[in-house]
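For reference, positions follow the sequence shown, starting with 1. Whatever order the structure lists them in is the order used to number ligands and atoms, beginning at 1.
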Amino acid sequence: ILMNPRVWEASGHVATFNDPLVEDAVSHKRFRADHLIEAWIAKKDPESTLVVDAMSTEEMAAFIAEKGIKSPDGNALTAPKQFNLMFETSTGVTEKGKNSVYLRPETAQAIFVNFKNVLTTSRKRLPFGIAQIGKAFRNEITPGNFIFRTLEFEQMEIEYFVEAEEWEQHFEAWNKWMEEWAAVIGLKTDHLHRLEVVGDALAHYSKRTVDFEFDFPFGKKELWGLAYRTDFDLTNHAKASGEKLEYTDPADNSRKVVPHVIEPSLGVDRTLLALLVSAYEEEEVAEGDTRVVMRFTPQMAPVQVAILPLMKKGGLPEKAEEVLASLAGIARCDFDVTGSIGKRYRRQDEIGTPLCVTIDYDSLEDNAVTVRHRDSMEQERVAIADIASYVVKKLV
Ligand code: GAP
């Protein structure tokens with residue numbers, strides 16, 4: 001997470017990882033100039049084809065002046081200036097001996113600076129990927145929209161190393177896999193849209209980027225990115241460090257290449273928010289009776305099985321504990337004894353639990369339980385001896 005500033009100089013982040021900032025001249029509140037321009041266009045000129053991401057600082061300044069765009073508080077705005085998004089801190093135990101370091105704004109660079117270690121220890125052949133999940137930090141000018149834009153967030157990135165001339169085929173493969181993965185985890189794929197990023201809107205390292213956008217309740221916004229980073233990062237780190245970051249062709253030892261990179265870059269928090277949006281439903285189950293249900297896939301549901309003894313007495317909790325013991329190792333379970341059974345079912349619907357297993361007085365006699373399904377609300381009787389294999393079948 002803490003990385004030497006020379007890494008971020010070599011990667012181009014110190015010079016160019018900026019967002020355009022404007023300030024309310026009266027309240028001194030800060031805003032993203034591009035966001036204010038986009039909001040103005042959406043309201044006053046929705047047919048406009050202007051690509052705001054591709055505007056220079058000067059073009060934004062001119063646009064704001066020409067259209068008379070004000071801050072959301074109605075005051076004049078200062079001219080836009082570029083604001084670096086990296087968090088800076090320092091290492092060292094004495095004031096004098098302090099050195100600047102940055103908290104990483106992307107996990108990607110940690111992969112590039114480890115490229116040689118991974119290659120020499122794993123002896124992988126092209127194409128191969130290095131993946132990393134972890135925290136990234138950005139001093140965002142306007143955090144907000146729940147967990148959509150935060151200062152501290154989780155990224156999962158793959159740097160996929162390929163032969164230069166093969167980049168297009170790998171880019172297309174990842175483009176397809178990312179959409180397939182969205183469907184697998186239960187995102188509403190009709191809410192997912194691709195945006196070909198063009199011109200100046202491309203990041204400093206990218207020759208081609210496709211953004212995956214998602215229809216959030218607060219608008220269509222970027223969910224993930226897929227970028228062709230060329231050999232930009234490895235070449236620049238090699239230059240800055242003096243280390244050769246090359247790959248030797250195993251079929252021809254004299255052929256050394258700097259691999260090119262395809263990068264699927266995914267925000268975990270945004271994915272979670274999109275999953276919540278995709279799963280949420282208010283369903284009318286009878287006249288005047290609506291339930292909230294999270295329709296997570298069984299694999300993604302935070303709780304997969306709820307074990308519910310009908311009463312707190314009469315040996316039912318003990319019997320339910322037995323059922324819990326047989327399921328705890330194979331599914332994420334919840335155990336709930338409080339409230340009426342109807343209320344408990346609704347509570348589990350709101351969590352998105354696919355299966356509820358109820359232990360009633362009959363269970364003491366027939367060694368069977370009632371399984372209630374979240375989506376259909378149908379119930380069936382299953383022998384306790386079979387419940388583990390039944391749950392495995394339903395959750396796979
Ligand atoms: N390595 C490339 C890269 O970092 P990015 O488009 O700047 O690309 C990738 O970020 C993803 O990280 C975004 O698509 C988004 O999912 C997530 N992300 C970026 N900034 C974020 C923030 N402030 N809060 C939450 N997620 C964020």
Side-chain angles (χ1 to χ4, degrees), residues 1 3 7-8 10-13 16-21 30 32 34-35 53 83-87 102-115 129-161 171 174-175 178-179 181-182 185 187 191-198 201-216 218-230 232-234 236-237 260-277:
I1 286 171
M3 292 179 74
V7 170
W8 303 106
S11 69
H13 282 76
T16 58
F17 195 59
N18 302 320
D19 271 345
L21 168 111
R30 294 171 147 199
R32 288 262 299 262
D34 52 337
H35 288 177
D53 269 357
F83 174 77
N84 195 285
L85 295 183
M86 282 197 294
F87 273 106
Y102 291 107
L103 278 70
R104 64 180 181 197
E106 59 170 14
T107 51
Q109 296 305 322
I111 295 176
F112 294 125
V113 297
N114 272 318
F115 170 77
I130 304 177
Q132 176 146 177
I133 301 181
K135 286 283 181 216
F137 302 82
R138 295 184 190 178
N139 199 0
E140 297 282 1
I141 297 164
T142 49
N145 282 328
F146 312 100
I147 54 171
F148 179 79
R149 185 175 293 105
T150 52
L151 305 186
E152 174 188 333
F153 56 98
E154 199 91 10
Q155 273 190 331
M156 39 192 189
E157 297 190 301
I158 300 173
E159 305 308 318
Y160 196 70
F161 299 96
F171 191 98
W174 280 105
N175 202 357
M178 286 168 79
E179 182 174 351
W181 188 73
I185 63 171
L187 290 186
H191 282 38
L192 202 63
H193 313 278
R194 286 186 180 84
L195 173 77
E196 189 75 44
V197 180
V198 288
L202 282 171
H204 61 275
Y205 49 74
S206 176
K207 272 256 176 71
R208 185 179 173 201
T209 293
V210 168
D211 277 349
F212 285 78
E213 297 187 314
F214 188 82
D215 294 321
F216 288 100
F218 43 86
K220 187 162 76 167
K221 305 274 177 201
E222 178 187 328
L223 177 65
W224 308 324
L226 172 65
Y228 168 42
R229 294 184 77 125
T230 68
F232 177 90
D233 301 275
L234 289 182
N236 282 312
H237 286 303
H260 280 226
V261 169
I262 306 297
E263 178 196 62
S265 176
L266 289 79
V268 177
D269 313 72
R270 279 188 197 178
T271 308
L272 176 65
L273 189 56
L275 263 185
L276 293 171
V277 169

- Please confirm whether Ile147 comes within less than 3.5 Å of ligand 1 when only nitrogen or oxygen atoms on both sides are compared. no

- Could you state the interatomic distance from CZ (Phe218) to CZ (Phe148), rounded to the nearest 0.5 Å? 5.5 Å

- Message: By the salt bridge (Lys or Arg N to Asp or Glu O under 4.0 Å) test, which pairs, at least two apart or in different chains, include something from residues 261-275?
- Response: Arg229-Glu263

- Query: Do His204 and Phe232 come within less than 4.5 Å of each other through their side chains, counting heavy atoms only?
  - Reply: yes

- Message: When you compare the side chain of Val7 with that of Phe112, does any pair of heavy atoms fall below 4.5 Å?
- Response: no

- Per-atom contacts of ligand 1 with Glu263, taking only distances under 4.0 Å to non-hydrogen atoms: 1 (N), 2 (C)

- Message: I'd like to know if the side chain of Asn84 pairs up with that of His13 as donor and acceptor (distance under 3.5 Å, no hydrogens or angles considered).
- Response: no

- Query: Looking at Arg229, which atoms of ligand 1 are within less than 4.0 Å of one of its heavy atoms?
  - Reply: 1 (N), 2 (C)

- Message: Would the distance check show the side chain of Asp211 and the main-chain N or O of Glu213 forming a donor-acceptor pair, the cut-off being under 3.5 Å?
- Response: no

- Closest protein heavy atom to atom 24 (N) of ligand 1, given as residue, atom name and distance to 0.1 Å: Thr150 N, 3.0 Å

- Query: Hey, which atoms in ligand 1 end up nearer than 4.0 Å to a heavy atom of Trp224?
  - Reply: 14 (O)

- Task: Identify the protein heavy atom lying closest to atom 8 (O) of ligand 1, giving its residue, its atom name and the separation to 0.1 Å.
- Result: Ser265 OG, 3.8 Å

- Item | Side chains of Trp224 and Trp181 in contact at under 4.5 Å (non-hydrogen atoms) | yes

- For ligand 1, which atoms have a heavy atom of Phe148 less than 4.0 angstrom away? 24 (N), 25 (C), 26 (N)

- List every atom of ligand 1 that sits less than 4.0 Å from any heavy atom of Glu140, numbering the atoms from 1 in the order shown and giving each element. 20 (N), 22 (C), 23 (N)

- Among non-hydrogen protein atoms, atom 17 (C) of ligand 1 lies closest to Gly267 CA, 3.8 Å

- Task: Do me a favour and list the nearest non-hydrogen protein atom to atom 15 (C) of ligand 1 with residue, atom name and distance?
- Result: Arg270 NH1, 3.5 Å

- Hey, is Lys135 close enough to Glu154 for a salt bridge, meaning N to O under 4.0 Å? yes

- Task: Taking the side chain as every heavy atom from C-beta outward, state whether Ile158 and Trp174 have any atom pair closer than 4.5 Å.
- Result: yes

- Would you say ligand 1 has an N or O under 3.5 Å from any N or O of Phe153? no

- So, do Leu192 and Phe214 sit near enough that their side-chain heavy atoms are less than 4.5 Å apart? yes

- With backbone taken as N, CA, C and O and side chain as the heavy atoms from C-beta onward, which portion of Tyr205 lies under 4.0 Å from ligand 1: side chain, backbone, both, or neither? side chain

- Note on the structure: Nearest non-hydrogen protein atom to atom 13 (C) of ligand 1, with distance, is Glu222 OE2, 3.2 Å

- Query: Looking at residues at least two apart in the chain, or sitting in another chain, which of them share a salt bridge (Lys or Arg N to Asp or Glu O under 4.0 Å) with Arg149?
  - Reply: Glu140

- Query: Taking atom 10 (O) of ligand 1 as the point of reference, which of Gln155, Glu106, Glu152 owns the nearest heavy atom?
  - Reply: Gln155

- Task: Write out the residue and atom name of the closest protein heavy atom to atom 16 (O) of ligand 1, then the distance separating them to 0.1 Å.
- Result: Leu223 O, 2.6 Å

- Query: What is the closest protein heavy atom to atom 7 (O) of ligand 1, and at what distance does it sit?
  - Reply: Arg138 NH1, 2.8 Å

- Query: Which of the numbered atoms in ligand 1 are below 4.0 angstrom from a heavy atom of Glu157?
  - Reply: 1 (N), 2 (C), 3 (C), 4 (O)

